[in-house]
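Can you read through this structure? Questions will come right after.
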There are 2 protein chains.
Amino acid sequence: MEIIEATQLFSALSQESRLATVKHLIRIGPRGAPAGDVAKALDVPAPTMSFHLKELERAGLIHARREGRKIIYAADYGGLRELIDFLLADCCGGDKRLCGPYVILKESA
Amino acid sequence: MEIIEATQLFSALSQESRLATVKHLIRIGPRGAPAGDVAKALDVPAPTMSFHLKELERAGLIHARREGRKIIYAADYGGLRELIDFLLADCCGGDKRLCGPYVILKESA
DNA sequence: TTGATATTTCCATATATATGGAATTATGGA
DNA sequence: TCCATAATTCCATATATATGGAAATATCAA
């Protein structure tokens, strides 16, 4: 992953509501949740939530689909894996002091 | 790790020069490098580099020590490990879709 | 159509971050 | 002391990000 792409991922996760959103959507699983439900769960006004959801989507950490009049957001596991892969492989270069307790069993996607 | 602490780590890594600095200092190893050398290596003016090094130090990703008239910066492996741990454990909660290829061999620090 | 619901876009405002030249502080050597 | 080196702080400026009310858009149901 290019360093510039990585900074965009980090930037997306550098805001409290957004990090909480990602955490929330991972917990919910692939089925996801409508924007309004996420806003309620995090106690954030709708326009603010909409802004943050767009940011996360732009970074490739979540994705959206329409279902009737609801827009369902769900975690994008690919984008999240890329970030973890970047930290463990690209950035840290398999350094034992960083990756010590983690072992890569197979090549990452 | 608290979600607010994690956003501070992500924020520190959300800037190109800073992420490159961390990568550079990890490569160099625990001995570290003086501020001026890092600035030259990344082709960044001294005051700008100083600003970014402070940000990284504040986040706990690097640390500084004086050696004569030089100030030596080195990667803080603890801070970096916390971030990886947060992503794999706290945030993703051991979700197979995210942690799939990684295995935690022992409890993290 | 009309109305209710779901979400987004618009936009003014506030706050935070990044940049780098000039001046300042700190250290060591002659 | 005087000079050169190393790094920081100061500060003006530029840019980016966050916030949320009001208005606009989209969908469905009666």
Side-chain angles (χ1 to χ4, degrees), chain A residues 3-25 28 31-76, chain B residues 3-25 28 31-76:
Chain A
I3 210 161
I4 191 79
E5 289 173 67
T7 60
Q8 283 161 9
L9 284 174
F10 286 126
S11 182
L13 294 174
S14 73
Q15 204 278 340
E16 205 180 338
S17 298
R18 281 201 296 265
L19 184 50
T21 298
V22 168
K23 210 170 163 174
H24 184 69
L25 289 179
I28 280 179
R31 211 156 300 139
D37 286 14
V38 180
K40 251 180 229 150
L42 305 199
D43 193 31
V44 167
T48 303
M49 191 75 254
S50 189
F51 168 76
H52 289 311
L53 287 167
K54 267 219 151 22
E55 288 291 301
L56 289 171
E57 197 183 11
R58 199 163 57 91
L61 290 168
I62 66 174
H63 53 78
R65 67 177 193 280
R66 184 175 275 279
E67 247 177 47
R69 70 187 103 175
K70 293 177 181 174
I71 295 181
I72 312 292
Y73 285 94
D76 185 319
Chain B
I3 210 161
I4 191 81
E5 289 174 67
T7 60
Q8 283 162 8
L9 284 174
F10 286 124
S11 182
L13 295 174
S14 72
Q15 205 279 339
E16 206 180 339
S17 298
R18 282 201 295 265
L19 184 50
T21 298
V22 169
K23 212 171 163 175
H24 184 70
L25 290 179
I28 280 178
R31 211 156 300 139
D37 286 15
V38 180
K40 251 180 227 147
L42 305 199
D43 193 32
V44 168
T48 303
M49 191 75 253
S50 190
F51 168 76
H52 289 312
L53 287 167
K54 267 218 151 23
E55 288 292 300
L56 289 170
E57 197 184 12
R58 199 164 56 91
L61 291 168
I62 66 174
H63 54 78
R65 67 176 193 279
R66 184 175 275 278
E67 246 177 48
R69 68 188 105 176
K70 293 177 181 175
I71 294 181
I72 312 292
Y73 285 94
D76 186 319

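What you see is a predicted model, and the numbers here were worked out from it, not measured in a lab. Each chain gets a letter, A, B and so on, in the order the sequences are listed, and its residues count up from 1.
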Report all interatomic pairs (protein N or O, nucleotide N or O of nucleotides 15-18 of chain C) with separations under 3.5 Å.
residue	atom	partner	partner atom	Å
C:dA18	OP1	B:Arg18	NH1	3.4
C:dA18	OP1	B:Arg18	NH2	2.8
C:dA18	OP2	B:Arg18	NH1	2.9

### Message
Is there a side-chain contact between A:Tyr73 and the phosphate of C:dT8, meaning an N or O under 4.0 Å from OP1 or OP2?
### Response
yes

### Message
Between the opening five pairs and the closing five pairs of the helix from C:dT1-D:dA30 to C:dA30-D:dT1, how far apart are the helix axes, to 10°?
### Response
20°

### Task
Calculate, to the nearest 0.5 Å, the distance between atoms CG and CG belonging to A:Leu9 and A:Leu56 respectively.
10.0 Å

### Query
Do you know the tightest heavy-atom contact between B:Ile72 and B:Arg31?
CG2-O, 3.4 Å

### Query
Hey, does the side chain of B:Lys54 come within less than 4.0 Å of D:dA7's phosphate (OP1/OP2), counting only N and O?
no

### Message
I need the CG-P distance between B:Asp43 and C:dT19, as an integer number of Å.
### Response
12 Å

#### Entry: Atom-pair distance (CD1 on B:Ile72; C1' on C:dT27), nearest Å
13 Å

### Task
Under 4.0 Å from any atom of DNA chain C, heavy atoms only: list the residues of residues 61-71 of chain A that qualify, in numerical order.
A:Arg69, A:Lys70, A:Ile71

### Query
Mind checking whether A:His24 and A:Ile28 have side chains closer than 4.5 Å, heavy atoms only?
yes

### Query
Rounded to the nearest 0.5 Å, how far apart are CD of A:Glu57 and CG of A:Leu53?
8.5 Å

### Task
Could you check whether B:Pro45 gets within reach of a base, just the sugar-phosphate, or nothing at all, counting any heavy atom under 4.0 Å?
sugar-phosphate

### Query
What distance do A:Glu16 atom CD and A:Leu42 atom CG have between them, rounded to the nearest 0.5 Å?
10.0 Å

### Query
Across the strands shown, which category fits A:Ala35 at heavy-atom distances under 4.0 angstrom: base, sugar-phosphate, nothing?
sugar-phosphate

### Task
Provide, to the nearest angstrom, the distance between the CE atom belonging to B:Met49 and the P atom belonging to D:dT8.
9 Å

### Query
Between atom CD in A:Glu57 and atom C1' in C:dT8, what is the gap in whole Å?
12 Å

### Message
I'd like to know if the side chain of A:Arg66 reaches the main chain of A:Gly68, judged simply by a donor and an acceptor atom lying under 3.5 Å from each other, with no hydrogens or angles considered.
### Response
yes

## Note on the structure
Smallest heavy-atom separation, A:Ala74 atom then A:Gly32 atom, equals CB-CA, 3.8 Å

### Spacing of NE2 belonging to A:His63 relative to CG belonging to A:Leu25, to within rounding of 0.5 Å
9.5 Å

### Query
What is the distance from atom NE2 of A:His52 to atom OG1 of A:Thr21, rounded to the nearest 0.5 Å?
7.5 Å

### Summary
One should read off an interatomic distance between A:Arg18 CZ and A:Met49 CE, to the nearest 0.5 angstrom, of 9.5 Å

### Message
Is it the case that the side chain of B:Ser11 and the backbone of B:Gln8 share a donor-acceptor pair, with hydrogens and angles ignored and the cut-off at 3.5 Å?
### Response
no

